[in-house]
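Encoded as structure tokens, the structure appears first; notes follow it.
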Amino acid sequence: GSLLFTVSARSIKIHKEKVEQLDIDLTQWIKSQQAEKLTNPEINFAIAGVSYRLLVELIVQSKNEQNEWELDRLEALLFSSELPEGNSLANL
């Protein structure tokens, strides 16, 4: 099934087939990044028994009213421990 991602200031919400939901708090992850370079580009999670890895290529951050960094935009590649339904290596 498909995944739907929603990025907020400090988290990513992931929905799978409108049934399961996962909320990943990115507060510590955002703090660990340097302004010029991603120091830890991987975000790992599991939902519905499948492991996933987001390999982040780009983040755009800004400071809020409390002078804390927040996430404005995130671009990443998604990897999965399983092939999507209906696909096999023979079909690739």
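If you read the sequence from its start, that first residue is 1, and numbering goes on from there.
- Between the CH2 atom of W29 and the CG atom of L38 there is a distance of 5.5 Å, given to the nearest 0.5 Å.
- Taking F45 as the reference, Y52 meet the ring pair (Phe, Tyr, Trp, His ring centres under 6.0 Å) condition, with sequence neighbours excluded.
- For residues 69-81, the set of pairs meeting the salt bridge (charged side-chain N to carboxylate O under 4.0 Å, His left out) definition, not counting sequence neighbours, comprises R73-E75.
- With sequence neighbours excluded, the residues forming a salt bridge (Lys or Arg N to Asp or Glu O under 4.0 Å) with K13 are D23, listed by chain and number.
- Closest non-hydrogen pair, S32 versus T39, comes out as O-OG1, 2.6 Å.
- Minimum interatomic distance between G49 and E82 (heavy atoms only, all atoms of both residues): O-OE2, 4.5 Å.
- Note that CD1 of I12 is 7.0 Å distant from CZ of F5, once rounded to the nearest 0.5 Å.
- Every side-chain contact (heavy atoms from CB on, under 4.5 Å) that S81 has, sequence neighbours left out, goes to V50, S51.
- By the side-chain contact (heavy atoms from CB on, under 4.5 Å) test, L4 is found to be paired with H15, residues two or more places apart in sequence or in another chain being considered.
- In this structure, S80 has no side-chain hydrogen bond (donor to acceptor under 3.5 Å, both in side chains) partners at least two apart in sequence or on a different chain.
- Distance check: Q21 CD to T6 OG1 gives 8.5 Å after rounding to the nearest 0.5 Å.
- When all heavy atoms of I47 and I14 are compared, the closest pair comes out as CD1-O, 3.9 Å.
- Partners of D25 according to the salt bridge (Lys or Arg N to Asp or Glu O under 4.0 Å) rule, which considers only residues two or more places apart in sequence or in another chain, do not exist here.
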Quiz prompt | Residues L58, L74; criterion side chain to side chain contact (heavy atoms under 4.5 Å, CB included); working and verdict | solution = CA-CA 6 Å; L58 172 74; L74 183 141; over 6 Å; no
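- Pairs engaging residues 47-68 under the salt bridge (charged side-chain N to carboxylate O under 4.0 Å, His left out) rule: R10-E68, E42-R53 [sequence neighbours left out].
- The main-chain N or O of S8 is never found under 3.5 Å from a side-chain atom of S11 such that the two would form a donor-acceptor pair.
- With a 4.5 Å cut-off between side-chain heavy atoms of Ile, Leu, Val, Met, Phe, Trp and Tyr, the cluster of L55 takes in L77, F79.
- Taking 4.5 Å as the limit, some side-chain heavy atom of L3 sits within range of a side-chain heavy atom of L78.
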